[in-house]
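Below: one structure, written as structure tokens.
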Amino acid sequence: MNFDDTPQEAEFRATARAWIGANAPKQYEEELRTSSLGRTQLKNANILEVAKAWQKKKADAGWACLHWPNEYGGRGASPIERVIWQQEEGAFGKLSHMFIIGHGMCGPTMMAFAREEHKRTYLPPLASGERIWCQLFSETAGGSDVAGLRTRAEKEGDDWIINGQKIWTSGAHYSDYGILLTRTDPDVPKHKGLTMFFLDMKSPGVEVRPIKQASGASDFNEVYFSDVRIPDHQRLGEVGDGWNVSLTTLMNERMSIGAGVSTGFPELFEYCSSLVLDDGPAIENPAVRSKLATWAVKASGLRYTSMRAISALSKGERPGPENSIGKLVAGSMIQDVATYALDLQGAAGVVSGAEDAEVAGRFQAMLLRAPGTRVEGGTDEIMRNIIAERVLGLPGDIRVDKDVPFNKIPTNGRN
Amino acid sequence: MNFDFSEDQKQLRDQARKFLTEKCSPKAVRVVLDGKAPYDKELWKGLAEMGFLGVAIPEEFGGAGAGHLELCVIAEEMGRANAPVPFSSTVYLAAEALLLAGSEAQKKKWLPAIASGDAIGTLALFEGKGNPSPKNVKLMAANGVLNGVKKPVADGAIADFAVVAARTGSSGRDGDISLFLVDLRAGGVEVKSLTNLDPTRGQAEIIFQDCKAEPLGASGEGWSILSQVLDRAAVLCAFEQVGGANRALEMGRDYALDRIAFGRQIGSFQAVKHMLADMYVSATLARSNCYYGAWALSTNAAELPEAAAAARISATQAFQHCAKNNIQVHGGMGFTWEFDCHMYYRRANAMALGLGSLSYWEDQLIDRMRKKNAA
Ligand SMILES: Cc1cc2nc3c(=O)[nH]c(=O)nc-3n(C[C@H](O)[C@H](O)[C@H](O)COP(=O)(O)OP(=O)(O)OC[C@H]3O[C@@H](n4cnc5c(N)ncnc54)[C@H](O)[C@@H]3O)c2cc1C
């Protein structure tokens, strides 16, 4: 048990710190530091451009996608070095937001299933942020039940023809490529008839329509496919094996551990440290302290849980389903934290505009974005199922559609 | 950076688990629970022979000199087994106080006796309601003589000696408090057993009447020593609590796999699955906080006070959460004396209070975080 850096780790940290000190876009540091979930815009600059520039600079100096192999644009760093980098990068790490799906899920899936020449072509520009990727899995009929999706892929010569519709695709409106899960055989049970591809989002027949979210922002989209052509060499994995391929993607989603899921706690603690209530400083109020303490130990528990996972990774163990814990805890916590911060503001809490609101409206923004955190990448209920079944070994849910051919499964609605 | 126990420490854990599975079955725990013995003497001797009582006591004082990480490992296993022995009072509180503040002679006298299982020690701090605080210490010490009443004192009825917090000044500051070492077998002490939430670990009232006592540590240093002892014990108790929480979770999981209702294992109902998943979550967060506490304890890091409070809070919450929901998963069976669920429920709730209650530690944590942020 050791929290201190080894000499090599200390050296790595010093090098990283020096490079960040000399190269990071410092003019945005304060704004990034005080931004929070639901509010990652910059006042006087286009955040996408700032983020791309920072990512490119990192890539040119060998600091992008640290854990990826060198030949695919990474640095071949250890899991611990990746954590050290994240610690040192601090608020600038928030600029990686739009690359998370590409770096955390699409890239690793490509690495596991794409042809070598494709890996060498597509991965370095993904690592450097020059190309952005999205994940086209969810459909209205297949969210939690991913394998219930209907987008069809039919073989025509050396190509596949895609027809259908995806929904909630984050970043599709600024993405260059995507990984796409399709149905290639509706006559077999649902998990057996899926196939995965990657495609150019500029392909003819792809139409992206941004969706306005509950938060008012538009970060995700509907994506329509009309006779879109994908060459067979862009298939990832075998025909009919898409479910397994997608499991790799989802496992890697969980491996995005260490990135530090946002809990809202540091923001709340900072706020309570300066807030004065009717009867004195908030931080001296026993009720406030009790709430803060309960959240403090959840936040630290998550932090050290991910450290334990990283220690396991660095010993060569694979990330397991126990990593579902992070999003499950952080998702509802951030929602509760934001609600509480507004409670402390009393009637003033209702004002949400950055100019007029307390602490520039960060908790209002957090509150409105938080529900999405509990849904994206698997709902709380799905996370609990994963822990119960895959960690604790409890029986799987009863599946009424398991052995039924996909096209015989009843569809939505009451009978 | 390496956030895990070593292979040797894991081996020690396996060894302790094996030993306790054999020697500390629920049936053995019930002998004490049912009031047939004040504690499990045979188990106590066995723990001494295994070297577990003195695992963190230096070799020169008869211990194994292994260290506090090893003690954390043992503590977790003690919690899993719900061991009915005065381990926490003797090893986390009395021995730690001696190690921190004892004179050479005091260490020589008591530490080897602790390691060999010949002496049981405790900390006499509380005087009725209230959390650890200098102002709640009313027991007076004058000219090496104590007068006053301590209650509750964990394992007080079976202890051979006690570390006693006493008032030696009236300035209203922390420096009014000093610690004393009292041989409870000598004169001036009257001990009464108290009925308590968890009969597997006794509680007592101790009346000191013109009782001779020797100082432990410098006069006026009592509160500062005590707060260090409490922080160290908080980490160690937290490991016991995590052990208990995980055992309660396993019991619930096993029952959910066995019990059939509506023609299915109850573990296939999502309401039950999700309850167990949430138990896993709280036990896991607590374990991670404990690991950080263990590191801080074993290296005496500046982070110890904050880490100890965090470990204490999350382990208290996790054990209470797992113990109560374990009964819920067991349904009516869980509420019977027959089933072991209530032993963990009792222990969870008793342990939540023994070192100062949850709200006390919450208060401590926020104070410590503020100090750190201000620094
Ligand atoms: C902000 C955001 C970003 C997203 N980004 C992407 C993206 O980039 N790419 C992509 O492919 N998808 C994306 N999604 C989609 C996301 O993965 C799905 O919304 C999610 O998996 C839930 O599916 P659903 O919306 O169909 O809800 P449903 O599956 O219809 O769920 C409705 C309710 O039923 C519950 N439920 C469903 N099944 C079960 C079950 N077996 N047991 C218990 N309860 C159950 C759910 O927990 C939920 O409460 C995004 C979603 C959000 C909110």
Side-chain angles (χ1 to χ4, degrees), chain A residues 1-6 9 79-81 83-84 266 269-270 272-273 281 283-284 286 288-294 296-312 314-315 322 324-326 328-329 380-381 383-389 391-398, chain B residues 1-6 9 69 72 249-250 253 256-257 264-265 267-268 270 272-282 284-292 294-296 298-299 301 303 306-307 309-315 317-318 358-359 361-367 369-370 373-374:
Chain A
M1 194 87 65
N2 193 350
F3 262 90
D4 301 323
D5 287 341
T6 63
E9 286 162 7
I80 307 262
E81 285 171 338
V83 175
I84 293 173
F269 192 83
E270 185 181 294
C272 289
S273 298
I283 192 97
E284 281 164 25
V288 174
R289 288 163 81 94
S290 173
K291 292 257 189 197
L292 284 177
T294 293
V297 303
K298 274 195 185 180
S300 62
L302 282 184
R303 188 159 63 240
Y304 305 133
T305 299
S306 77
M307 297 258 197
R308 287 172 54 207
I310 288 153
S311 293
S314 64
K315 287 180 197 160
E322 63 278 4
S324 306
I325 195 172
L328 174 59
V329 175
D380 286 3
E381 291 70 30
M383 293 297 147
R384 288 196 173 91
N385 281 351
I386 290 173
I387 291 172
E389 294 170 20
V391 181
L392 299 177
L394 291 162
D397 276 5
I398 289 181
Chain B
M1 184 155 38
N2 174 21
F3 205 20
D4 196 3
F5 286 106
S6 69
Q9 286 153 357
L69 287 178
C72 290
L249 165 61
E250 281 172 25
R253 193 259 328 263
L257 289 170
R264 293 155 62 174
Q265 291 162 293
S268 67
Q270 261 191 8
V272 174
K273 274 160 84 162
H274 288 190
M275 186 157 60
L276 287 161
D278 284 341
M279 288 158 73
Y280 170 84
V281 167
S282 63
T284 300
L285 295 181
R287 174 181 297 282
S288 302
N289 278 308
C290 278
Y291 280 25
Y292 187 64
W295 164 77
S298 67
T299 55
E303 289 87 344
E306 187 187 331
R312 166 79 183 160
I313 294 165
S314 68
Q317 290 174 337
L358 187 60
S359 50
W361 285 98
E362 287 178 344
D363 218 35
Q364 294 289 312
L365 177 66
I366 299 306
D367 263 344
M369 291 180 70
R370 274 177 91 186
N373 276 24

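Quantities reported herein were computed from a predicted structural model and do not represent experimental measurements. Chain naming here is simple, since letters A, B, ... match the order of the sequence lines and numbering starts at 1 in each.
Looking at B:Leu276, both its backbone and its side chain come within 4.5 Å of chain A, counting heavy atoms on both sides. Contact annotation for A:Val391: only side-chain heavy atoms (C-beta onward) come within less than 4.5 Å of a heavy atom of chain B. With a 4.5 angstrom heavy-atom cutoff, B:Ser268 touches chain A via backbone and side-chain atoms both. A:Glu270 does not touch chain B: none of its heavy atoms, backbone or side chain, sits under 4.5 Å away. For a residue to count as touching a neighbouring chain, one of its non-hydrogen atoms must lie under 4.5 Å from one of that chain's; by this rule A:Leu292 touches chain B with backbone and side chain alike. Contacts between B:Thr284 and chain A at a heavy-atom distance below 4.5 Å involve backbone atoms as well as side-chain atoms.
You'll find the side chain of B:His274 reaches within 4.5 Å of the side chain of A:Glu381, heavy atoms only. At a threshold of 4.5 Å between non-hydrogen side-chain atoms, the residues B:Thr299 and A:Phe3 do not count as touching. No side-chain heavy atom of B:Leu285 sits less than 4.5 Å from a side-chain heavy atom of A:Val297. Side-chain contact check for B:Gln317 versus A:Lys298: every heavy-atom pair is 4.5 Å or farther apart. The side-chain heavy atoms of A:Leu394 and B:Gln265, taken from C-beta on, include no pair separated by under 4.5 Å.
Between chain B and the options A:Asp4, A:Asp380, A:Leu392, A:Ile398, heavy-atom pairs under 4.5 Å are most frequent for A:Leu392. The residue among A:Thr294, A:Thr6, A:Val329 with the most heavy atom pairs within less than 4.5 Å of chain B is A:Thr294. Of the residues considered (B:Leu69, B:Val281, B:Asn373), B:Val281 shows the highest number of contacts with chain A, using heavy-atom pairs under 4.5 Å. Ranking B:Leu358, B:Leu257, B:Val272 against chain A, the residue ahead of the rest is B:Leu257, based on heavy-atom pairs under 4.5 Å. Here B:Arg264 is the residue among B:Arg264, B:Met275, B:Glu303 with the most heavy-atom pairs under 4.5 Å with chain A.
Here the closest non-hydrogen pair linking A:Gly301 and B:Ser288 is O-CB, 3.5 Å. The two residues B:Glu362 and A:Ser290 come nearest to each other via the heavy atoms OE1-OG, 2.8 Å. Looking at every heavy atom in both residues, A:Asn2 comes nearest to B:Trp295 through CA-CD1, 3.8 Å. What you find for B:Asn289 and A:Ser300 is that their closest heavy atoms are OD1-OG, 2.6 Å. Shortest non-hydrogen contact noted between A:Pro395 and B:Gly267 is CD-O, 3.3 Å.
Between A:Tyr304 and B:Phe3, the two ring planes are perpendicular [angle over 60°; tilted spans 30° to 60°].
Atom CE of residue B:Met369 and atom CD1 of residue A:Ile283 lie 8.0 Å apart, to the nearest 0.5 angstrom. Taking CD1 from A:Ile80 and CG from B:Asn2, the interatomic distance works out to 7.0 Å, rounded to the nearest 0.5 Å. To the nearest 0.5 Å, atom OH of residue B:Tyr292 and atom CE of residue A:Met307 are 8.0 Å apart. Annotation: the span from B:Gln364 atom CD to A:Arg289 atom CZ amounts to 8.5 Å, rounded to 0.5 Å. In this structure, CD in B:Gln270 is found 8.0 Å from CD in A:Glu389, a value given to the nearest 0.5 Å. Expressed to the nearest 0.5 Å, how far OG of A:Ser314 lies from CE of B:Met1 amounts to 8.5 Å.
Judged by distance alone, with hydrogens and angles left aside, the side-chain atoms of B:Asp4 form no donor-acceptor pair with the main-chain N or O of A:Ser311 at under 3.5 Å.
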